[in-house]
There are 2 protein chains.
Amino acid sequence: MEKLQLHITISPDLYTKDPESSVLGQKIVSKSIEMINDLGFEDFTFKKLGLEIGSNESSVYRYFESKHALLVYLIDWYWSWVEYRLVFATLNVPSVEARLTQAISILTAEVTEDNSFSYINEVLLNKIIITESSKAYHTKAIDSENQKGYYKTYKRVVQRVSDFVSEINPSYEFPHMLISTVIEGAHHQLYFSKHLPALTDFEEGKNNIVRFYTDLVFNTLSHK
Amino acid sequence: MEKLQLHITISPDLYTKDPESSVLGQKIVSKSIEMINDLGFEDFTFKKLGLEIGSNESSVYRYFESKHALLVYLIDWYWSWVEYRLVFATLNVPSVEARLTQAISILTAEVTEDNSFSYINEVLLNKIIITESSKAYHTKAIDSENQKGYYKTYKRVVQRVSDFVSEINPSYEFPHMLISTVIEGAHHQLYFSKHLPALTDFEEGKNNIVRFYTDLVFNTLSHK
DNA sequence: TAATATTAATAGTATTACTATTATATTTGC
DNA sequence: GCAAATATAATAGTAATACTATTAATATTA
């Protein structure tokens with residue numbers, strides 16, 4: 001598969017200085033993805049990051065006002081990328097059912113190939129979303145941050161797929177619950193499969209998570 | 001409703017000194033539940049707790065070796081309490097379907113009454129589970145802690161309800177995924193309903209979350 | 001009453017998540 | 001091609017955190 005040269009635009013509210021605008025900024029994003037994966041978000045610090053990229057803690061602060069802000073940026077980047085893939089995969093697909101099937105697959109499958117963007121490793125970023133993203137919004141500041149639009153992209157993705165659901169079954173009462181349950185659920189299952197397997201029915205190579213959520217959605221929509 | 005005098009036993013692995021064994025220990029648990037709710041887990045500290053209970057930071061450390069250990073204790077207490085309610089509510093219910101319906105309701109409804117235990121506020125504890133519990137297991141130490149049995153009770157609850165699922169439909173492939181999706185999903189929906197309502201279809205007083213998950217499970221099991 | 005255990009008080013440590021200031025590169029505008 | 005503007009690095013500093021260690025005071029029990 002060839003590398004796509006596409007561009008993801010992130011709202012300026014999510015950074016102090018645009019990390020895409022300089023080599024240092026790109027290194028900050030790129031290396032922080034690696035380090036958050038290696039160390040976990042708690043043990044990751046701007047000081048360690050500065051050291052790794054041959055730069056300084058204070059330089060990182062010129063791009064992101066806090067560790068939390070960097071995590072929010074990465075999450076938004078991820079959902080922007082998912083939204084792009086969602087649009088791309090459902091464009092020119094005439095059947096809504098097929099579009100929804102595609103969407104569920106994109107939302108629930110583990111990312112295994114890193115090939116779209118030069119300095120962002122999507123495989124690692126997906127792992128961060130799975131293990132760290134809930135820490136971003138389970139915060140006392142959630143309401144004010146939500147108002148500032150920090151989670152806009154994620155909400156738009158949910159809305160987009162919920163629209164397929166409503167198109168298939170316009171009388172279905174809970175399209176948003178269904179889709180947010182699928183997204184968050186799949187992330188939990190992927191995490192559980194590696195760390196708390198008793199909570200799951202994962203089997204290597206059998207695609208159980210995608211199958212489980214696909215069946216769940218279509219069974220739910222075909223009922224009554 | 002009268003107060004039940006029942007007793008919940010927590011594995012000694014989850015504390016340094018049993019908090020139930022002294023007034024100070026009970027005050028630590030009781031006040032920490034209040035304070036984690038007020039401040040959020042990040043801003044809650046043993047120093048602040050000591051101050052509030054008229055005791056000292058170092059005294060708290062005799063009961064729990066860390067803030068994290070205290071959270072794990074609270075989570076285990078919560079699931080032990082849920083398990084008790086689960087057993088109680090399904091005892092002498094002859095139909096499996098009715099037992100599963102009861103179970104889903106216990107797992108997905110918000111706790112609104114605090115009446116079983118003297119020094120533990122179950123309403124607040126339920127809120128902590130909803131907003132803070134994912135922080136306990138999204139940690140680099142998850143595997144070693146899981147091995148030490150830290151999440152045994154939660155896993156037992158999932159197993160218990162999965163067994164109802166398998167009894168209703170023995171050929172259903174994903175009973176654990178289904179139940180863990182319901183539990184984690186309901187917590188997310190309760191959180192979203194208060195902070196990110198665009199991700200949900202919550203309506204005050206309409207019991208949508210319980211209805212959504214009940215329908216989801218029974219539709220899934222009745223299919224094919 | 002003495003021994004023992006529990007709790008409180010004090011002090012201290014390394015680290016964190018920042019802020020502020022200044023010095024040194026690098027880029028750009030003319 | 002040089003000055004001005006800007007970006008980055010280095011250094012230092014702060015308040016707070018998550019603990020540990022030690023000692024002193026207070027209960028409990030034998």
Side-chain angles (χ1 to χ4, degrees), chain A residues 12 14-32 35-36 38-74 119 132 135-136 138-141 144-145 150, chain B residues 12 14-32 35-36 38-74 119 132 135-136 138-141 144-145 150:
Chain A
L14 298 181
Y15 49 76
T16 305
K17 176 182 172 161
D18 188 357
E20 264 191 286
S21 69
S22 73
V23 179
L24 180 63
Q26 296 181 11
K27 265 161 74 179
I28 286 171
V29 170
S30 166
K31 199 75 195 177
S32 69
M35 290 182 79
I36 292 171
D38 288 347
L39 305 173
F41 188 65
E42 285 74 22
D43 290 349
F44 164 78
T45 70
F46 280 3
K47 194 170 191 175
K48 290 176 187 167
L49 174 63
L51 224 97
E52 282 275 325
I53 60 178
S55 176
N56 196 272
E57 197 185 2
S58 55
S59 307
V60 180
Y61 279 101
R62 312 191 106 249
Y63 289 84
F64 297 101
E65 69 179 25
S66 66
K67 214 171 108 166
H68 172 77
L70 169 59
L71 182 59
V72 171
Y73 176 91
L74 293 178
Y119 67 94
E132 314 291 355
K135 294 169 193 170
H138 282 119
T139 297
K140 278 284 152 184
S144 73
E145 293 190 351
Y150 283 26
Chain B
L14 298 181
Y15 49 75
T16 305
K17 176 181 173 161
D18 188 357
E20 265 192 284
S21 70
S22 74
V23 179
L24 180 65
Q26 296 181 11
K27 265 161 76 178
I28 287 170
V29 170
S30 167
K31 199 74 196 179
S32 70
M35 291 182 77
I36 292 171
D38 288 347
L39 306 172
F41 188 65
E42 284 74 23
D43 289 350
F44 164 78
T45 71
F46 281 2
K47 194 170 191 174
K48 290 176 188 167
L49 174 63
L51 225 98
E52 282 275 325
I53 60 177
S55 178
N56 197 272
E57 196 186 3
S58 54
S59 306
V60 180
Y61 278 101
R62 312 191 106 248
Y63 290 85
F64 296 102
E65 69 179 25
S66 66
K67 215 170 107 165
H68 172 77
L70 169 59
L71 182 60
V72 171
Y73 176 91
L74 294 178
Y119 67 94
E132 314 290 355
K135 294 169 192 169
H138 282 119
T139 297
K140 278 285 151 182
S144 73
E145 294 190 350
Y150 283 24

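Side-chain atoms are counted along with the backbone in the values below, which use heavy atoms only and exclude waters and symmetry mates. Proteins come first, then strands; the chains are lettered A, B, ... in the order of their sequence lines, and each starts at number 1.
- Contact between the side-chain N/O atoms of K48(A) and the OP1/OP2 oxygens of dT16(C) is found at a separation under 4.0 Å.
- Judged purely by distance below 3.5 Å, without hydrogens or angles, the side chains of E145(B) and H68(B) pair a donor atom with an acceptor atom.
- Closest contact between the side chain of T45(A) and the listed nucleotides dT7(C), dT16(C), dA9(D) involves dT16(C).
- Of the candidate nucleotides dT10(C), dC19(D), dT7(C), dT10(C) has the atom lying nearest to any side-chain atom of N56(B).
- For the pair K67(B) and F44(B), the cation-pi test (distance below 6.0 Å, angle within 45°) is failed.
- The residue G25(B) sits apart from the nucleic acid: no heavy atom pair falls under 4.0 Å.
- Between S55(A) and the phosphate of dT8(D), there is no side-chain N or O to OP1/OP2 separation shorter than 4.0 Å.
- The distance between atom CD of E57(A) and atom P of dT15(C), rounded to the nearest whole Å, is 14 Å.
- Remark: P of dA7(D) and CD of Q26(A) are 16 Å apart, rounded to the nearest angstrom.
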Next on the checklist: Using side-chain contact (heavy atoms from CB on, under 4.5 Å), reason through E42(B) and K140(A) one step at a time and then give a plain yes or no.
Outcome noted: CA-CA 9 Å; E42(B) 284 74 23; K140(A) 278 284 152 184; over 6 Å; no
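- In terms of position along DNA chain C, the nucleotide closest to E42(A) lies nearer the 5' end than the nucleotide closest to the other residue of the pair E42(A) and S58(A).
- When the C1' atom of dA9(C) is taken as reference, atom OH of Y61(B) falls 16 Å away, rounded to whole Å.
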Checklist entry - Checking side-chain contact (heavy atoms from CB on, under 4.5 Å) for the pair L49(B)/M35(B): CA distance, chi angles, key distance, verdict? => result CA-CA 8 Å; L49(B) 174 63; M35(B) 291 182 77; 4.0 Å; yes
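- For Y63(A), a side-chain nitrogen or oxygen approaches OP1 or OP2 of dT8(D) to under 4.0 Å.
- Here S59(A) does not reach the OP1 or OP2 of dA7(D): none of its side-chain N or O atoms lies under 4.0 Å away.
- In terms of phosphate contacts, K17(B) brings a side-chain nitrogen or oxygen within less than 4.0 Å of OP1 or OP2 of dT7(C).
- A donor-acceptor contact under 3.5 Å is not formed by the side chain of E65(B) with the base of dC19(D).
- For the pair L49(B) CG and dA16(D) P, the interatomic distance rounds to 18 Å; values are reported in whole Å.
- Separating the CG atom of D43(A) from the P atom of dT15(C) is a distance of 12 Å, rounded to the nearest angstrom.
- With respect to Y63(A), the side chain to side chain donor-acceptor pair (under 3.5 Å) criterion is satisfied by exactly one of S32(A), S22(A), S21(A): S22(A).
- Note: CZ (F41(B)) to P (dT17(D)) measures 13 Å, nearest angstrom.
- Annotation: of the two residues near DNA chain C, F46(A) and R62(B), the 5′-most nearest-nucleotide partner is R62(B).
- One atom, CG of L24(A), and another, P of dT24(C), lie 20 Å apart when rounded to the nearest Å.
- For the pair K47(A) NZ and dT11(D) C1', the computed distance is 11 Å after rounding to whole Å.
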